[in-house]
Amino acid sequence: MAPALPNIHPRRGDFRRWRRAGTRRILRAAAEVFAMRHLFALLLSCCLPLAHAGEPAPAEVAVLATLHRMHAQVPAYDDAALKRSIERLAPDVLCIEVSPVRYAARGPEANKVEYPAVVYPLIDARGYRVYPMEPAAPRDAEILQPYLAASRAFAEQQPAASKAFQAQTSALYDTLRLYWTSPTRVNDAVTDAQMQAKHALQAALIGEGEQAGWEAWNGEFLATIAGAAREHPGKRIVVLVGAEHGYWLRAALARTPGLRLLDTASLLAATDD
């Protein structure tokens, strides 16, 4: 007679004990994973500031549009208002729309009258670090000669179109003088949009010489500003530039690494009289 085999089938209670033991193991493993993730996140949050501790803050850049001789025709943005606007932006550095030679001479200006009237006295009073943005010779002639030649050719070859464009530009400025009821409006998106449209039409009418010259001249400004930002991390740079250049520079500076573009209109709006 064969011996009786032991009962190897588990009892119902065994299944419950195994299930409870398995559940406990799973919960312990999940807790360990959660704890490791929490520890890793904690270490990362501590290490990241240390990794960036040696990196200087980027320079802040505000583009402040000026009106040259037209300051006298815009009561809300006369010389006194321009001076207040510069001071309210609190620059450490000024980038100015004159050449190094003209800045060194600091003589009378036929068009950019705000420089001897407002900007140069402020530089002397406040001791700003200054970067002239217009190129020196011979680079200035390399850009301006073909640019002006294209404009002359347009006027000679298409006199009707030239006259119509001049009339449109005059009408634009007549309207803007009425719109410019504060320094904020001279520096807002509405003004920038009008200037961008004006230059798009100008380039389309005159041609490649106009477009290339405009891009190159503004590019000189941009290179100077970017250099100033590299040399003055964490400082505030105010760029003084004619209103027609504002839209171009703001768009280009927004794409430029190593600096942070400020919203000039918002800064001025917070302090408008």
Side-chain angles (χ1 to χ4, degrees), residues 59-137 140 144 173 176-177 180 182-188 191-192 195 217-229 231-232 235-250 252-253 259 261-265 267-269 271-273:
E60 298 178 332
V61 179
V63 177
L64 180 65
T66 64
L67 300 179
H68 306 333
R69 286 181 297 179
M70 207 175 294
H71 279 289
Q73 303 170 28
V74 180
Y77 202 30
D78 59 9
D79 287 349
L82 174 62
K83 179 178 182 290
R84 288 194 300 271
S85 296
I86 296 171
E87 291 177 324
R88 285 168 176 173
L89 292 174
D92 301 297
V93 178
L94 283 184
C95 291
I96 59 175
E97 194 186 2
V98 296
S99 69
V101 170
R102 283 163 57 200
Y103 174 57
R106 296 198 188 189
E109 291 280 344
N111 183 42
K112 298 171 184 175
V113 295
E114 70 271 24
Y115 281 87
V118 175
V119 179
Y120 296 153
L122 260 182
I123 290 170
D124 292 336
R126 301 288 184 175
Y128 303 131
R129 177 72 168 88
V130 177
Y131 287 78
M133 294 188 295
E134 288 189 345
D140 56 348
L144 289 177
Y173 273 101
L176 285 173
R177 278 192 291 270
W180 287 334
S182 68
T184 297
R185 284 191 161 193
V186 180
N187 289 274
D188 69 9
T191 294
D192 278 357
M195 297 308 184
W217 197 254
N218 283 311
E220 294 288 329
F221 294 174
L222 178 62
T224 300
I225 299 164
E231 293 177 12
H232 298 278
K235 301 297 183 179
R236 177 170 291 187
I237 300 169
V238 171
V239 179
L240 301 178
V241 70
E244 293 200 17
H245 299 273
Y247 79 88
W248 194 101
L249 280 175
R250 289 186 179 105
L253 288 166
L259 57 86
L261 180 65
L262 302 178
D263 185 343
T264 303
L267 292 174
L268 294 177
T271 55
D272 272 346
D273 295 332

Any side-chain heavy-atom pair of L261 and R250 under 4.5 Å: yes
Heavy-atom closest contact (E114 atom, L82 atom, distance): CB-CD2, 3.6 Å
Nearest-0.5 Å distance, OH of residue Y103 to CG of residue L94: 8.5 Å
Spatial distance of atom CG (L176) from atom CZ (R185) [nearest 0.5 Å]: 10.5 Å
Intermediate values then yes/no, side chain to side chain contact (heavy atoms under 4.5 Å, CB included), H71 and V118: CA-CA 11 Å; H71 279 289; V118 175; over 6 Å; no
Step-by-step side chain to side chain contact (heavy atoms under 4.5 Å, CB included) determination, I123 to R106: CA-CA 11 Å; I123 290 170; R106 296 198 188 189; 3.9 Å; yes
From L67 atom CG to D78 atom CG, the distance as rounded to the nearest 0.5 Å: 10.5 Å
pair M70-W180: side-chain heavy atoms closer than 4.5 Å: yes
Side chain to side chain contact (heavy atoms under 4.5 Å, CB included) evaluation trace for V238 with T264: CA-CA 9 Å; V238 171; T264 303; over 6 Å; no
Distance in Å, W217 CH2 paired with H245 NE2, rounded so as to fall on 0.5 Å steps: 8.5 Å
Student check: side-chain heavy atoms of K83 and L122 closer than 4.5 Å: yes
Non-hydrogen side-chain atoms of V241 and W248 separated by less than 4.5 Å: no
Approximate separation, where rounding is to 0.5 Å, of R126 CZ and E87 CD: 4.5 Å
Nearest heavy atoms of P135 and S99, plus distance in Å: O-CB, 4.1 Å
Pair E231-Y131, side-chain donor/acceptor within less than 3.5 Å: yes
Taking every non-hydrogen atom, the tightest pair across L222 and A252: CD2-CB, 3.8 Å
Y115 side chain to E97 backbone, donor-acceptor under 3.5 Å: yes
Expected output: side-chain T191 to main-chain N187 donor-acceptor under 3.5 Å: no
Interatomic spacing from CG in L64 to CG in L262 - rounded to 0.5 Å: 12.0 Å
Side-chain (K235) to main-chain (V93) donor-acceptor, under 3.5 angstrom: no
Test log, rule side chain to side chain contact (heavy atoms under 4.5 Å, CB included), inputs I96 and Y128: CA-CA 11 Å; I96 59 175; Y128 303 131; over 6 Å; no
Student check: side-chain heavy atoms of L267 and R88 closer than 4.5 Å: no
P183 to A81 - nearest heavy-atom pair and separation: CG-CB, 4.4 Å
Heavy-atom pair of closest approach, residues A269 and T184: N-OG1, 3.2 Å
Flag, side chain of T66 to backbone of L240, donor-acceptor distance under 3.5 Å: no
Side chain to side chain, C95 and I237, heavy atoms closer than 4.5 Å: yes
R236 side-chain N/O to A90 backbone N/O, donor-acceptor pair under 3.5 Å: no
Exercise: identify the closest heavy-atom pair between T224 and P132: CG2-O, 3.7 Å
